[in-house]
Every structure is written in structure tokens, then in C-alpha cells.
Asks: 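My questions will all concern the structure given below.
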There are 2 protein chains.
Amino acid sequence: MERLLENSASPQIFGGNAPQLAADPHAYGEKAGEGTRWNPTQEQIGILEMSYRGGMRAPSAQQIEDITAQLSRYGKIEVKNVFYWFQNHRARDRRQKEKRRNSLGLSHM
Amino acid sequence: MERLLENSASPQIFGGNAPQLAADPHAYGEKAGEGTRWNPTQEQIGILEMSYRGGMRAPSAQQIEDITAQLSRYGKIEVKNVFYWFQNHRARDRRQKEKRRNSLGLSHM
DNA sequence: GCAAATTAATGATTTATTCAAG
DNA sequence: CTTGAATAAATCATTAATTTGC
């Protein structure tokens with residue numbers, strides 16, 4: 001499906017060099033260690049969630065870099081992974097809340 | 001903060017009798033079977049937001065009346081509710097946007 | 001127990017918006 | 001009115017959990 005990726009959903013935070021990742025199922029394992037998506041460790045997830053619960057929602061470029069540096073202690077990670085993590089977490093958190101809100105009886109009348 | 005509400009924020013749209021609307025937080029709900037504020041249903045919110053996203057920002061008196069008529073299908077509502085909804089929604093959007101902008105330089109470590 | 005098959009989570013991309021420069 | 005900057009929403013794609021048949 002060749003995503004081709006024109007890097008649109010990211011500010012100048014990670015410089016615009018979008019990674020060209022392997023859409024081809026055969027492409028893993030052999031080569032240059034590239035093409036697999038970031039797979040966060042438990043420590044990384046823990047730190048990210050603590051930050052989020054502590055109120056961090058849309059960290060600045062600087063904050064993202066700091067977090068990335070901290071997380072890289074526990075495994076390979078890039079700035080864009082942290083950026084995406086917050087984006088996805090916000091969106092999914094919000095969707096859960098909406099769901100909850102709807103499930104409370106608000107539909108009478 | 002004494003707003004006292006000189007009906008400055010409302011055009012001739014609802015007949016000059018600006019609803020007296022409680023600048024005072026305590027003023028709702030207590031009185032004679034009237035006075036509870038509008039509590040929009042999910043359908044009403046959905047329609048309003050669709051209108052807003054469709055580009056409607058400061059609807060004319062006629063447009064407001066049309067919308068009110070449409071929304072009244074889903075629950076009790078008045079023209080002033082619609083007028084205020086747009087006013088508040090514009091302001092809220094603007095504020096959220098500002099906040100996001102600020103968060104780029106903001107750090108609160 | 002163990003993989004293949006299926007489903008659930010979640011990382012990464014694309015699309016549609018927003019406000020407000022110009 | 002048009003465009004720049006920056007998402008958030010929606011979607012796509014891949015990985016992990018799990019279910020299932022042996």
C-alpha cells in the first residue's frame with residue numbers, strides 16, 4: 001500500500017525528515033534494522049503515562065526532546081515517537097471520555 | 001466583576017428584552033418553576049457544531065430563528081440560547097487556540 | 001503445549017479544521 | 001480572501017494478545 005508519507009501532521013518538531021517505512025511485509029529482519037515501528041518498553045510507557053497524568057498534554061518541542069532523552073535510557077526511541085504518543089493518547093483519552101459521557105443518561109426528552 | 005449585563009452583547013435579535021440573564025451564578029434554577037437554564041441535548045449540540053464547522057460563526061437573526069426552530073424538535077430551546085451558544089463557542093475556540101499557541105513556548109516543569 | 005487464525009491495541013499517516021498573518 | 005502553522009479527527013497498518021484446533 002505504499003504510504004509514501006508526505007509528512008504533514010508534524011510541526012517543525014522533528015525536522016521534516018519522515019522515515020519512509022517499510023510497507024512491504026518481506027522487508028523486516030534482514031536489513032539495516034529499520035522499518036519496524038517503535039515498540040515501547042514498560043518503563044517508557046510508565047514514564048509517558050506519569051507525565052500525562054501529571055498534566056502534560058501537548059508538550060513543546062523542548063519538552064519532547066527532554067522526554068525522548070529520558071526514555072532513550074530504556075530503549076531505542078525518537079522524538080517523533082514521543083510526539084505521536086502524545087497525539088494518540090490525547091485523542092484516545094478524549095474518545096473514552098466522550099463515550100463515558102454518552103453512556104450517562106443524557107438522552108431523555 | 002459585577003457584570004450587570006447591559007445587554008451589550010446582544011443585537012436586536014431577541015427583541016431588545018435581553019434575557020436578564022444571570023450574570024450572577026446564583027440566579028439560576030431557584031425560582032418559580034422557571035429559570036432553569038437551557039440544557040442542550042446531544043442532538044442539539046451535534047447540529048450546532050455541524051453548523052459551526054460548516055462555517056457559521058455569527059448567524060443573522062433569521063438564521064438563528066431557523067436553527068432554533070430546527071433544534072426545538074429535540075427539546076425546549078429559545079432564540080437566545082442559540083445566540084449565546086455561538087457567542088460562547090467562538091470565544092471558547094479562540095481561547096483554546098491561544099492556549100495551544102502558548103504551550104509551544106511554555107514550560108512548567 | 002504450540003502455532004495458525006483471529007481480534008484488540010496502538011503506532012504512524014492522511015485529512016479537515018482552526019485562528020489569524022499577509 | 002488566501003495562506004501559514006498547528007493540530008485533532010479519522011483512518012491505515014502493524015504489532016501484541018487471545019482464541020482455536022490439533
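The sequence lines fix the lettering, A, B, ..., with proteins before strands; numbering per chain opens at 1. Excluded from the calculations below are hydrogen atoms, water molecules and symmetry mates; all remaining heavy atoms, backbone and side chain alike, are included. The model shown is predicted, which means the values in this text are computed figures rather than measured ones.
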Asks: Please name the nucleotide paired to C:dC2 by Watson-Crick or G-U wobble geometry with both distances under 3.5 Å, or report none.
Replies: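 Check on C:dC2: paired to D:dG21, both distances under 3.5 Å.
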Asks: Once you round it to whole Å, what is the distance between P of C:dT17 and CD of B:Glu49?
Replies: 13 Å
Asks: Between D:dT7, C:dC19, C:dA12, spot the one nearest the side chain of A:Phe83, thanks.
Replies: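 Output: D:dT7.
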Asks: Provide, to the nearest angstrom, the distance between the NE2 atom belonging to B:His89 and the C1' atom belonging to C:dT17.
Replies: 11 Å
Asks: Taking only N and O in the side chain of A:Tyr84, is any of them less than 4.0 Å away from OP1 or OP2 of C:dT13?
Replies: yes
Asks: Look at all strands and tell whether A:Arg57 reaches a base, only sugar-phosphate, or nothing, counting heavy atoms closer than 4.0 Å.
Replies: nothing
Asks: Hey, does the side-chain of A:Arg37 have a donor or acceptor N/O within less than 3.5 Å of a partner on the base of D:dT14?
Replies: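 Pair found.
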Asks: B:Arg90 side chain to B:Arg57 main-chain N or O, any donor-acceptor pair under 3.5 Å?
Replies: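 Indeed, once roles are kept as given, a pair shorter than 3.5 Å links the two residues.
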Asks: Please give, in whole Å, the distance from C:dT18 P to B:Arg90 CZ?
Replies: 13 Å
Asks: Please tell me if A:Arg94 has a side-chain N or O lying less than 4.0 Å from either OP1 or OP2 of D:dA9.
Replies: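 For D:dA9, OP1 or OP2 has a side-chain N or O of A:Arg94 closer than 4.0 Å.
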Asks: What are the two closest heavy atoms between B:Met56 and B:Phe86, and how far apart are they?
Replies: O-CE2, 3.6 Å
Asks: Atom CZ of B:Arg53 and atom P of D:dA9: how far apart are they, to the nearest Å?
Replies: 7 Å
Asks: Can you measure B:Met50 atom CE to C:dA16 atom P for me and round it to whole angstrom units?
Replies: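 Distance, rounded to whole Å: 15 Å.
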Asks: Pick base, sugar-phosphate or nothing for B:Tyr52, based on heavy-atom distances below 4.0 Å to the nucleic acid.
Replies: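 Sugar-phosphate only.
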Asks: Just compare C:dT18, C:dA12, C:dG11 and give me whichever is closest to any side-chain atom of A:Trp85.
Replies: C:dG11
Asks: If you define the side chain from C-beta out and look only at heavy atoms, does anything of A:His89 sit under 4.5 Å from A:Leu48?
Replies: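 Sidechains of A:Leu48 and A:His89: no contact.
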Asks: Can you tell me if the side-chain N/O atoms of A:Asn88 get under 4.0 Å from OP1 or OP2 in C:dA12?
Replies: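 So the side-chain polar atoms of A:Asn88 never come under 4.0 Å of the phosphate oxygens OP1 or OP2 of C:dA12.
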Asks: Working to the nearest 0.5 angstrom, can you tell me the gap between A:Ser51 OG and A:Ile64 CD1?
Replies: 11.5 Å
Asks: Please determine, for the side chain of A:Gln87, which listed nucleotide (C:dA12, C:dT13, D:dT15) has the closest atom?
Replies: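 Taking heavy atoms from C-beta onward, the closest nucleotide is C:dT13.
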Asks: Take atom CE of B:Met56 and atom P of C:dT18, then tell me their distance rounded to the nearest Å.
Replies: 13 Å
Asks: For A:Leu48 and C:dT10, what is the distance between atoms CG and P respectively, to the nearest whole Å?
Replies: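 Taking CG of A:Leu48 and P of C:dT10, I get 12 Å after rounding.
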Asks: Is any side-chain nitrogen or oxygen of A:Asn39 closer than 4.0 Å to OP1 or OP2 of C:dG11?
Replies: no
Asks: Counting only Watson-Crick or G-U wobble pairs whose two distances fall under 3.5 Å, which nucleotide matches D:dA10?
Replies: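 In the structure as shown, D:dA10 has C:dT13 as its Watson-Crick or wobble partner.
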Asks: Taking the side chain from A:Gln63 and the backbone from A:Ser60, do they hold a donor-acceptor pair closer than 3.5 Å?
Replies: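 Yes, because the side chain of A:Gln63 sits within donor-acceptor range (under 3.5 Å) of the backbone of A:Ser60.
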Asks: Take atom NZ of A:Lys80 and atom P of C:dT10, then tell me their distance rounded to the nearest Å.
Replies: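 Computing the A:Lys80:NZ to C:dT10:P distance gives 19 Å.
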